[in-house]
Structure formats: C-alpha cells, structure tokens
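Notes follow the structure.
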Amino acid sequence: MTDFQKRVYAALRAVPRGAVVTYAGLARMVACGSCRAVGQALRMNPHAPRVPCHRVIASDLSIGGYQGAKDGARVRKKLALLAAEGVHFAHGRLLDPRRVLVVPTR
DNA sequence: AGACCCGGACGCG
DNA sequence: CGCGTCCGGGTCT
C-alpha cells in the first residue's frame, strides 16, 4: 500500500453515493499530474465496497475501465453499481453530467 | 532503467 | 463525432 494509493482512496471516500468523479478530478485531489496513475492505483482495488472505485469515470463522460478492463462483464458490473445509485449511462456515456463531482483546478 | 497502466489533451478526417 | 498520437506520473520488474 503506497502513500499515493492511500491519498487516492481517501479522496474517493469523499465522493457521495449517487455522484461520480473523473480520473482527472481525483488526480487533482491527490495533486497528481497524471490521471493514469490514479487509474492504475484503483486497478488493484484493495477494500472493495468501502472505496467505491466504480464511481470513477473518464472526463469525456464515458464509463472508463473497471478491474483492468475497458469493456466486458467487469465494466457492465460497474454500470450496474452506478445504476443502483441512480447514475445511468447510455451509449457508453453518462446521461446526467450534473452527477459528476466537479473538482476545482488548483 | 524500462515497461506497463481503469486517462487526457490535441490534432486531423 | 470518432479516430490516431503523444503525453504524463506512479508502480512493478
């Protein structure tokens, strides 16, 4: 468990149910210049439900990846979890951009 | 040191 | 709008 991951998970815990954040947003929260690094940190997903890594989507409102996959059953599961929270997707895109937690640029 | 990784910005068609 | 391309930071080998 690296310090970087701790920061990412901590930031992610601040995301309320029914809302989502972008990788870029999380990257800003943890003061990381690379959103990709964030995704890589989430990839392992240590403590499953506590840290809702499924509330993290891409900046273009696409679903992004899940457990190392950009599509397939994993991603469908992610969509299902989000749907259960009231966050719905269509055509691989988030329907309500308002549900995205906006992170102010530092 | 090199390769890999759940993205992002930018340019082009 | 949908590619294709380069870029970046962090971690693993």
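Everything numeric here is computed off the predicted structure, so don't read it as measured data. Letters A, B, ... are given to chains in the order of the sequence lines, protein chains preceding strands, and every chain is numbered from 1. Side chains included, hydrogens not; waters and symmetry mates left out as well; all remaining heavy atoms used.
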Is it possible for you to say whether [X] and [Y] belong to one hydrophobic cluster, with membership spreading through side-chain heavy-atom contacts below 4.5 Å?
| X | Y | answer |
| --- | --- | --- |
| A:Ile63 | A:Val21 | no |
| A:Leu101 | A:Ile57 | no |
| A:Val20 | A:Val51 | no |

Within the structure provided, determine whether A:Pro97 and A:Leu61 are in side-chain contact (heavy-atom separation under 4.5 Å).
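Side-chain contact under 4.5 Å: yes.
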Does some side-chain heavy atom of A:Tyr66 sit less than 4.5 Å from a side-chain heavy atom of A:Asp71?
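Not in contact.
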What heavy-atom pair brings A:Tyr9 and A:Met1 nearest, and what distance separates the two atoms?
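So the minimum-distance heavy-atom pair works out to CE1-SD, 3.7 Å.
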For the residue pair A:Arg99 and A:Val87, what are the closest heavy atoms and their distance?
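Answer, listing the atom of A:Arg99 first, then A:Val87: CD-CG2, 3.8 Å.
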Between [X] ([atom1]) and [N] ([atom2]), how many Å, whole number?
| X | N | atom1 | atom2 | answer |
| --- | --- | --- | --- | --- |
| A:Lys70 | B:dG8 | NZ | C1' | 14 Å |
| A:Ile63 | B:dG8 | CD1 | P | 12 Å |
| A:Leu42 | B:dC4 | CG | P | 21 Å |
| A:Asp60 | C:dG4 | CG | P | 16 Å |
| A:Asp71 | B:dG7 | CG | P | 11 Å |

Would the number of heavy atoms belonging to other residues, nucleotides or ligands and lying under 6.0 Å from CZ of A:Arg74 be above 12?
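Not buried by this count: 12 neighbours or fewer within 6.0 Å.
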Fill in the dot-bracket string of DNA chain C, one character per base: . for unpaired, | for a pair to another strand, ( ) or [ ] for pairs within the strand, taking Watson-Crick or G-U pairs under 3.5 Å.
|||||||.|||||
Would you classify A:Arg28 as touching base, sugar-phosphate or nothing, given that sugar-phosphate means primed atoms plus P, OP1 and OP2, and contacts are heavy atoms under 4.0 Å?
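Here A:Arg28 touches no strand at all.
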Sugar-phosphate atoms are those with a prime plus P, OP1 and OP2; base atoms are the rest. Using that split, label each nucleotide of nucleotides 6-13 of chain C B, S or - for protein heavy atoms under 4.0 Å, 5' to 3'.
-BBBBSS-
